[in-house]
Amino acid sequence: YSYSKPDRRSGRFGAMKLLLENWRKYLKEEPVRDIELTPEQNRALKNIYLLIRELIENVSNWLKENNIDPTDRKSGAAIRRQYEAPPQFNKNGKKFYFDTSPYKEVFPNLAEDFYVELTNLGEGENAELRRYKDTITDMRLNLRNFDDLRKVKMSVQHELQHFLDIGGEMGEGVEGTIDYLSGEGELRAHAKEAAYLFSKLFAGGEPFDIEEIKDKKKKFTNYYNFFKDPSGIVQRTGVDPAYEQKMRDTGEKFIKYASYFLSLFRRKQDETTT
């Protein structure tokens, strides 16, 4: 659900800059202990990401070299019949398996036969993580979106966060959207996705600034509006006024979490691996 975009009158930027500066001061003072990854978790997620990144880049290059349009449904058949996977993967049709044993101690609920599947998901969907009961079984990637690998990689980062934080289901109406985006699983996964995008757009030491990415994805726009104008959302949509504080808290957490994840992406040892 996308709320109306904020106006672009000049006065908005000065007020928003002051608000963000105050928030950054708060970030420096408050640790993010409730979502901190252990070094082992961070390393495992990073290495799994690198494996999946290698696969999708290899597939994308193969499609280009063979003049195959990833948006064409025939691309899946071509991969199934002709594509040879990188040596780290075993291939079964459009499913790709890798050795999960190095990560089982950190993620004991990761299936031994976990696989990445290249398939056709719903329009606008890039990736989804699937479970059977508590077991993480596979990740599906939308082959039709392989013409924009940055978005696919963002979604992979999002889904990998769900190894730790299970996501939720979108409810009905505005309140259902707010509840979905406010759940810790989705909030953290979207924040990690936002931090990944920010790290690619701004390679320097800039602190996370939601202003710079708020229009890059509809859900980022929602978090921005939660942070900036929750009372306005209540007035425009007619949701229960009790949701105002919930949105405000969610918007603040989104920025705080994204700042934390950005610090992980920017650690010196990760500079060449994200």
Heavy-atom pair with the smallest gap, counting every atom of [X] and [Y]:
X    : Y    : value
R266 : E206 : NH1-O, 2.6 Å
A127 : L141 : CB-CD2, 3.6 Å
Y97  : D113 : CE2-O, 3.2 Å
Y260 : E36  : OH-CA, 3.1 Å
A191 : Y257 : CB-CB, 3.6 Å
F96  : K91  : CE2-CG, 3.7 Å

Between [X] and [Y], does at least one N-O distance fall below 4.0 Å, as a salt bridge requires?
X    : Y    : answer
R248 : E244 : yes
K192 : D165 : no
R140 : E125 : no

Side-chain heavy atoms of [X] within contact of [Y], under 4.5 Å:
X    : Y    : result
R130 : E117 : yes
F261 : Q157 : no
R131 : N109 : yes
E211 : Y224 : yes
K216 : L197 : yes
L143 : T119 : no
F146 : L118 : yes
H162 : R188 : no

Requested in this report: Could you list the residues that satisfy ring-ring contact (aromatic ring centres under 6.0 Å, His included) with F98, not counting sequence neighbours?
Outcome: F89, F114
Report task. Output, in order, the C-alpha distance, side-chain angles, deciding distance and verdict of side-chain contact (heavy atoms from CB on, under 4.5 Å) for E212 and L201. Result -> CA-CA 9 Å; E212 299 291 348; L201 294 176; over 6 Å; no
Residue [X] excluded, over 12 heavy atoms near [atom1] under 6.0 Å:
X    : atom1 : answer
E112 : CD    : no
K217 : NZ    : yes
K153 : NZ    : yes

Is a donor on one side and an acceptor on the other found under 3.5 Å between the side chain of [X] and the backbone of [Y]?
X    : Y    : value
D99  : S101 : yes
S60  : I56  : no
S199 : L262 : no
N61  : E57  : yes
E186 : G183 : no

When rounded to the nearest 0.5 angstrom, what distance separates [atom1] in [X] from [atom2] in [Y]?
X    : Y    : atom1 : atom2 : value
I178 : T250 : CD1   : OG1   : 8.5 Å
N47  : Y103 : CG    : OH    : 4.5 Å
E193 : E159 : CD    : CD    : 8.5 Å
R43  : L37  : CZ    : CG    : 11.5 Å
I136 : F163 : CD1   : CZ    : 5.0 Å
K228 : T221 : NZ    : OG1   : 12.5 Å

Indicate if [X] and [Y] have the same hydrophobic cluster label, given that clusters are the connected sets of ILVMFWY residues with side-chain heavy-atom separations under 4.5 angstrom.
X    : Y    : answer
F107 : Y115 : no
L129 : Y49  : yes
L164 : I166 : no
I52  : L45  : yes

Query - Partner of F265 by ring pair (Phe, Tyr, Trp, His ring centres under 6.0 Å), out of F208, F202, Y196, F198 - result: Y196
Query raised in the report: Side chains of Y243 and D179: do they bring a donor and an acceptor to under 3.5 Å?
Result: yes
Query raised in the report: Do the side-chain N and O atoms of Q245 and D249 include a donor-acceptor pair separated by under 3.5 angstrom?
Result: yes
Requested in this report: Could you check N222, L181, L187 and say which one makes a side chain to side chain contact (heavy atoms under 4.5 Å, CB included) with F254?
Outcome: L187
Query raised in the report: Does the side-chain contact (heavy atoms from CB on, under 4.5 Å) test come out yes or no for F226 and K253, once each step is laid out?
Result: CA-CA 10 Å; F226 287 178; K253 281 185 177 181; over 6 Å; no
Kindly list each side-chain donor-acceptor pair under 3.5 angstrom involving residues 73-84, sequence neighbours excluded, with atom names and distances?
unit_1	atom_1	unit_2	atom_2	d
S75	OG	P70	O	3.3
S75	OG	D72	O	2.7
Y83	OH	N58	OD1	2.6

